[in-house]
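Encoded as structure tokens, the structure appears first; notes follow it.
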Amino acid sequence: MSKINLPKTYDYKGIEERLYRWWEEKGFFKPSNDPPQPGFDHSKKPFVISIPPPNVTGELHLGHAMFVSMEDLMIRYHRMKGMPTLWVPGSDHAGIATQLQVEKMLAGEGLTREQLGREEFIRRTWAWKEKYGGVINRQIRRLGASCDWDRERFTLDAGLSRAVREAFVRLYRKGLIYRGPRLINWSPGLRTAVSDLEVEYSEEPGRLYYFKYRLAGSADEFIPVATTRPETILGDTAVAVHPEDERYRQYVGRRVLVPILNRAIPVIADEYVDRQFGGGALKITPGHDPNDYQIGVQHGLEIISVLDEAARVNHNGGIYAGLDRFECRKKLWEDMRAAGLVIKEQPYTLNVPRSQRGGEIIEPMISTQWFVSIQPLAQAALEVVRDGRIRIVPERFSKVYYNWLENIQDWCISRQLWWGHRIPVWYCGECGEMTVASDDPAACAVCGSSKLEQDADVLDTWFSSGLWPFSTLGWPDDTPDLRYFYPTSVLETGYDILFFWVARMIMFGLEFTGKVPFHTVYLHGLIRDEVGQKMSKSKGNVIDPLVVMDELGTDALRFTLLVGSAPGNDMNLSTKKVEANRNFANKVWNVGRFALASLAQSPKQPEGEVDWTLADSWIWARLQQLVRHVERLFAVHQYGEAGRQIYDFFWAEFADWYVEIAKLQLAQGGDRAFYTVYTLIRVLDACLRLLHPFTPFVTEELWGHLKRACQQHSERLSPQGGWEEALIVARWQPSRADEGWEAQKIADFTLVQEVVRAIRNLRAEKKIKPGSRIPAYLLCGERLGVLESQRDTIAALAHLDANRLRLAASLDEKPSPALSLVVAGVEIYLPLANVVDRETERVRLKGELTAVEAQIQRLESLLDSEFAIKAPPAVVEKERQKLAIFRQSAEKLRQQLSGLR
RNA sequence: GGGCGAUUAGCUCAGUUGGUUAGAGCGCUACUAUCACAAAGUAGAGGUCACAGGUUCGAGUCCUGUAUCGCCCACCA
């Protein structure tokens, strides 16, 4: 092998960064057809993805690595297909997460945000964002993300803030946003409202407390009631019983006394009450329980809040005012026990609502907040998926989506935070009326007073994320980007944010642009550790993608994530898998080295006509099949399966077989060598194109070497249409239909493979010295022509002595003594007297014969059944042929057996 | 309570228009420093495709049911 200056192992270090910088500097990440550029053509259909904006506070984790890999795959594929592609990057201001982060930093300085004041706190948060906010997107670059960084957006930047205000004002004017007191989920630690989605329920051991609700004006009558949260007794405004419950019917309409407080409240009847549970009666706390709230509203009950914003008991709690909710629970229960009101308590499994963010226990509370009337939006969002204008992949998630939207509650969008989009509503100090405006108003819209104060709350982070696909393209302005790139093509993300984000984008997209924001939703699964557990710092099972990229290369990580699981299915990741794919990258690299070295020694031009070998034709035919499969799989979003097939073809067929045969063909020199190099180059080039969306770095690097070497060598080696500037912008390998000759070549080559494998197998079994050249007879029957033409190949691959290799249709006198075997109807004899033991051979051949006879029997009965009549003729014919070959084989095995005697 | 997914080799997983000998990687066994690659090569062992029915000429694949595990939604105090 001539010297080529490529290292023996693929060394991604250095290559990845260099290539990424080069791609970016060259502008390859920008759409090939860009509205601001001269020659822009509006009629060309673009392919567009909006990135799921990672939290600006974030550090790269495998979830990011997953979506970046998947989206970059789609983007690179469509770019190579020649579509103008745009991948809009950005990040999310992540209200709560960021605010907590900055507060933590301040705490280090002994400061609180209250001490700083709102304005200064926000200034500090921006400073923090400028300093650390770029980390996540630098990490995303390392994955090879080919986003148009010139279009990078941040949910809190000026343009997007304007979009948020505009959206709010439009919804408000349409009557779809309202403000009012409602029972909401309150996070006492964060001191803010959160939406239903931000509450997670966890099963935890707790207690169920039974106690007496005494009837007013009666010394001994009481109704037994059970609760899991005794402190809420302070806010009870009724006791409910089932209307048909004989035990308590008599009490309905009378009044009972709230323990300790001795407030008199009514006994009401409601069918909601489960007679079987607890004492069969239900205390009603409309101020602190969602179900009780419903009942309270229906019955016109008083609603009493007993907790303040830190979940301490407020003035309504009488003597308990000022106590923390859990202290109160204890104290009140003790007092009730002392008062003889306690019946019993028992262990009980609770479903505790906890904050998705801090993990603290959420309190349902009455609070004045802003809400979106979600019904009309949800209806529209349901329709577009039902009628197929948006397709969700995998399809099963459509059902989940429907189910959620059909049961959706109004969305609480106000948060009592400082970091975020401030609600564009001003309250007049004179007349008290609201002014809702997209631009800061100078005066009250009602009375004209300038004494205005803006609402202190900010919007839920997901409100701005919901606008992302179009706000990033310039909405509410009618920009060229918006006109050309919207609606986007695919929205790709994890199924865990289907509700948080995807559904809201669909609702907002339809509402504000009148169009679906994307046509396809592709949902990937979550990444877990080797044994299927969620990765978490406390478990210590976290795999850091940055470390993996450092140690095994970006391509290896990407390929693993892309090929490791089916769409929507979770994936268990282990570094073992990444190692295997690192090995694959290395395999690609080394096939490349081989091709380049071969090229260096090849004749410049052929002198005669093209004369393809069987191997040449075979690999080409198989490549065409592969390209067609990949094309079909991509069309149905089966990217993993496509990658797997490319992997298998590349390794098990191209590298293991074609490259080995190429070595023989190259040794022949002349035109044979030239056309072998040509085939190597063409197939390698095609594979690099197919692999590029999966493993962009190794393919680009190798392709660059290949291109330069070919250009120096010969015009004849250029791909059709010439060499493109870079693989990232090269044409996707076109798929073409078979021309008719392929099936036979594949069948012929498969026979060669079978013969070679059979001989190798027997050699290994008989412990014949590896590499030693041994004699052989091949009795080929009607296959003589094919095998004769592959004589040298077979001899070399099976380590036969070419001078003592004899091929014939048949022989009257069989070689003996000899090891013998039959494969696909071909008889093979290895006349090696020293290893032949007649008895062992007899046993071995008998075993073979039994196996073949079993197959014959199976096929005979199959072909004798209705199968022969009802199955498609082609399928039946295939089985007939198999049977014929098995019969041949059986016949020959019998001969061999008798020859042993 | 409702819904979804998974169940295939020792382990981790593919297997999407149903086609008759079920694949990969890792691990395992034997052999191999030969010249693209030892991060490799060659050969091999290893599976009643969770279970029970059904549809079909034919089921890992479609239907029904069961079991186990996991997830989502709802939230009976």
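Chain identifiers are assigned alphabetically (A, B, ...) following the order of the sequence lines, protein sequences preceding nucleic acid strands; residue numbering begins at 1 within each chain.
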Under the rule for ring-ring contact (aromatic ring centres under 6.0 Å, His included), what residues qualify as partners of A/Y12, not counting sequence neighbours? none

Return the set of residues passing side chain to side chain donor-acceptor pair (under 3.5 Å) with A/E631 (not counting sequence neighbours), or none when no residue passes. A/Y77, A/K81, A/W732

I'd like to check the ring-ring contact (aromatic ring centres under 6.0 Å, His included) partners of A/Y658; sequence neighbours left out, ordered by chain and number. none

Holding to ring-ring contact (aromatic ring centres under 6.0 Å, His included), I want the full list of residues that pass it with A/W186, two or more places apart in sequence or in another chain. none

Separation of B/U21 atom C1' from A/E860 atom CD, nearest Å, is 17 Å

Whole angstrom is fine here: how far is it from OH in A/Y272 over to P in B/A77? 8 Å

Pairing residues for A/Y293 by the ring-ring contact (aromatic ring centres under 6.0 Å, His included) criterion, not counting sequence neighbours: none

The salt bridge (charged side-chain N to carboxylate O under 4.0 Å, His left out) partners of A/E866 (sequence neighbours excluded) come to A/K870

A/M571 CE to B/C71 P, straight-line distance once rounded to whole Å: 19 Å

Given A/P353, which partner from the list A/D196, A/I362, A/N185 fulfils the side chain to side chain contact (heavy atoms under 4.5 Å, CB included) test? A/I362

Closest nucleotide among B/C76, B/A77, B/A36 to the A/V659 side chain: B/A36

Measure the distance from NZ on A/K576 to P on B/U12 and round it to the nearest whole Å. 14 Å

Suppose you measure atom C1' in B/G44 against the same atom in B/U48; what distance do you get, rounded to whole Å? 23 Å

Scan A/Q855 against the nucleic acid and name what it touches under 4.0 Å (heavy atoms): base, sugar-phosphate only, or nothing. base

Could you tell me how far B/U42 sits from B/C37 if I compare only their C1' atoms? Round to whole Å. 15 Å

Could you check whether A/E660 gets within reach of a base, just the sugar-phosphate, or nothing at all, counting any heavy atom under 4.0 Å? base

Closest of B/C31, B/U21, B/G19 to the A/V875 side chain is B/G19

Protein-nucleotides 38-42 of chain B N/O pairs under 3.5 Å:
residue : atom : partner : partner atom : Å
B/A39   : O4'  : A/N583  : OD1          : 3.3
B/A39   : O2'  : A/N586  : ND2          : 3.3
B/A39   : N3   : A/R582  : NE           : 2.8
B/A40   : OP1  : A/N583  : ND2          : 2.8
B/A40   : O3'  : A/K587  : NZ           : 3.2
B/G41   : OP1  : A/K587  : NZ           : 3.3
B/G41   : OP1  : A/W651  : NE1          : 2.5
B/U42   : O3'  : A/R760  : NH1          : 3.4

Taking only residues two or more places apart in sequence or in another chain, which ones pass salt bridge (charged side-chain N to carboxylate O under 4.0 Å, His left out) with A/E345? A/R207, A/R337

What does A/G640 touch in the nucleic acid at a heavy-atom separation under 4.0 angstrom: a base, only the sugar-phosphate, or nothing? nothing

B/G15 and B/A9: how far apart are their C1' atoms, nearest whole angstrom? 14 Å

What's the NZ-P distance between A/K767 and B/U29, to the nearest Å? 14 Å

Between B/A40 and B/C35, how far apart are the C1' atoms? Round to whole Å, please. 14 Å

Sidechain-backbone polar pair: A/T285 side chain, A/G287 backbone, donor-acceptor under 3.5 Å: no

Please classify the nucleic acid contact of A/A595 as base, sugar-phosphate, or nothing, using heavy-atom distances under 4.0 Å. nothing

As a check on the pairing definition, encode RNA chain B in dot-bracket form, counting Watson-Crick and G-U wobble pairs whose two distances are under 3.5 Å, and using | for partners outside this strand. ((((((((.[[[[.)...(...]]]].(((((.......))))).....[[[[[..)....]]]]])))))))....

Do side-chain atoms of A/D570 reach the backbone of A/I527 as a donor and acceptor pair under 3.5 angstrom? no

For A/F886, report the nucleic acid contact type (base, sugar-phosphate, nothing); a contact means any heavy atom under 4.0 Å. base

Quick one: does any side-chain atom of A/H524 pair with a main-chain N or O of A/P567 as donor and acceptor, under 3.5 Å? no

With sugar-phosphate taken as primed atoms, P, OP1 and OP2 and all else as base, the protein-contact string of nucleotides 57-64 of chain B at under 4.0 Å (heavy atoms; B, S, -) is B-------

Whole angstroms only, please: what is the NZ-C1' distance between A/K878 and B/G18? 13 Å

Taking CG from A/L526 and C1' from B/C4, how many angstroms apart are they, rounded to a whole number? 14 Å

Report which part of the nucleic acid A/D570 touches: base, sugar-phosphate, or nothing (heavy-atom distance under 4.0 Å, all strands). nothing

Base, sugar-phosphate, or nothing: which does A/S574 touch, judged by heavy atoms less than 4.0 Å apart? nothing

For A/Y647, report the nucleic acid contact type (base, sugar-phosphate, nothing); a contact means any heavy atom under 4.0 Å. sugar-phosphate

Integer-rounded Å distance: B/C71 C1' and A/F499 CZ: 12 Å

List in chain and number order the residues that pass salt bridge (charged side-chain N to carboxylate O under 4.0 Å, His left out) with A/E204, two or more places apart in sequence or in another chain; answer none if no residue qualifies. A/R354

Which residues pass the salt bridge (charged side-chain N to carboxylate O under 4.0 Å, His left out) test with A/K878, not counting sequence neighbours? none

For atom P, what is the distance between B/G3 and B/U64, given to the nearest Å? 13 Å

